[in-house]
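One structure is given below, encoded as structure tokens.
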Amino acid sequence: WNNTVLPSLICPYMKFWREQHHSSSLDKSGRFICKCSSRHHTLEVTCVHIEQIEDVALDVCKCRSGPGQLVQHGFFPCALVQPTLAASLDMLEFVPELFRHIAPNERGWAATLTKYLMACGYCFTTGYSFCCCFANALAHYQQLVKLIDAEVEKWVDHLQGQSHVSPHSPNINVHIPV
């Protein structure tokens, strides 16, 4: 997660938050058009919002990973490879804030959400326990946020350092992927 997946999710994450005022969920089909020549396959993912569950089918290929597509559309995968379950980024932002005011217990919270969603008529089609998957997603999501904070801090430090450069110094370009 730390060396490959999380760094690859920085751009989709930042793009999602930049565009969040548009649609924060996948379209009805969940399909995206890609014209690369690599092998494509469909990845079925159950996406969990606080108030509903949404089953989507992602068109995955070498240039459009499942985790990247999920993050770009407001979800965080519960598994590194071939995720079948994802939690909404809004929910992952809400839970730590909730835990600042009550005793932290992600298993209890996830079990409560599961029962609530079942009472609303939603069922999980994956064989995995949402409680375990949610705890995994929450931990890795928090690592991603820390990684992004560190990257932004590096960019700010670099740009602040440039403001003290004399006009005769070589121009340094910094690419900020947002």
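Worth saying up front: this structure is predicted, and the values here are computed from it rather than measured.
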> After noting the C-alpha distance and the side-chain angles of V45 and T84, does the key distance pass the side-chain contact (heavy atoms from CB on, under 4.5 Å) rule?
Replying inline: CA-CA 4 Å; V45 182; T84 57; 5.9 Å; no
> With sequence neighbours excluded, what pairs up with Q142 under the side chain to side chain donor-acceptor pair (under 3.5 Å) test?
Replying inline: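 Residues passing side chain to side chain donor-acceptor pair (under 3.5 Å) with Q142: none at all.
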> Who pairs with E93 by side chain to side chain donor-acceptor pair (under 3.5 Å), at least two apart in sequence or on another chain?
Replying inline: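 Once residues adjacent in sequence are excluded, the partners of E93 under the side chain to side chain donor-acceptor pair (under 3.5 Å) criterion are Y141.
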> Going through the checks in order, is the ring-ring contact (aromatic ring centres under 6.0 Å, His included) test met by F99 and W109?
Replying inline: CA-CA 10 Å; F99 290 165; W109 188 85; 7.4 Å; no
When rounded to the nearest 0.5 angstrom, what is the spacing between [atom1] in [X] and [atom2] in [Y]?
| X | Y | atom1 | atom2 | result |
| --- | --- | --- | --- | --- |
| L138 | M91 | CG | CE | 9.5 Å |
| Q72 | M14 | CD | CE | 13.5 Å |
| Y116 | E51 | OH | CD | 7.5 Å |
| C63 | H40 | SG | NE2 | 6.0 Å |
| Y13 | L144 | OH | CG | 6.5 Å |
| T114 | F134 | OG1 | CZ | 10.0 Å |

> With sequence neighbours excluded, what pairs up with D157 under the side-chain contact (heavy atoms from CB on, under 4.5 Å) test?
Replying inline: E153, Q160
> With sequence neighbours left out, what residues match S38 under side-chain contact (heavy atoms from CB on, under 4.5 Å)?
Replying inline: C36, C61, K62
> Between P12 and G68, which heavy-atom pair has the shortest distance, and what is it?
Replying inline: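 Of all heavy-atom pairs spanning P12 and G68, the closest is CB-O, 3.5 Å.
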> What pair of heavy atoms forms the shortest contact from A86 to P77, and how long is it?
Replying inline: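 Closest pair (atom of A86, atom of P77, distance): CB-CA, 4.1 Å.
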Side chain of [X], backbone of [Y]: donor and acceptor closer than 3.5 Å?
| X | Y | result |
| --- | --- | --- |
| D59 | T42 | no |
| H140 | N136 | yes |
| E44 | D55 | no |

>> Are L92 and F94 connected into the same hydrophobic cluster when the rule is that any two of I, L, V, M, F, W, Y join if their side-chain heavy atoms are below 4.5 Å apart?
In response: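 The answer is yes; both residues are in one hydrophobic cluster.
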> Are M118 and I50 linked, directly or through other ILVMFWY residues, by side chains that come within less than 4.5 angstrom of each other?
Replying inline: no
> Please walk me through it: do F75 and Q69 pass side-chain contact (heavy atoms from CB on, under 4.5 Å)?
Replying inline: CA-CA 9 Å; F75 299 96; Q69 289 183 56; over 6 Å; no
> Partners of K146 by salt bridge (charged side-chain N to carboxylate O under 4.0 Å, His left out), sequence neighbours excluded?
Replying inline: none
>> Checking R100 now: which residues fulfil salt bridge (charged side-chain N to carboxylate O under 4.0 Å, His left out) with it, not counting sequence neighbours?
In response: E97
>> Less than 4.5 Å apart, side chain to side chain, heavy atoms only: is that true for C47 and I53?
In response: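 Answer no - side chains too far apart.
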>> Let's go through I10 and E151 carefully: what are the C-alpha distance in whole Å and the side-chain angles of both, what is the deciding distance for side-chain contact (heavy atoms from CB on, under 4.5 Å) to 0.1 Å, and is it a yes or a no?
In response: CA-CA 9 Å; I10 292 174; E151 285 294 313; 4.0 Å; yes
>> Assess the residue pair L85 and V48 against the criterion (side-chain contact (heavy atoms from CB on, under 4.5 Å)); give the C-alpha distance rounded to whole Å, side-chain angles, the decisive distance to 0.1 Å, and a yes or no.
In response: CA-CA 8 Å; L85 191 62; V48 182; 3.8 Å; yes
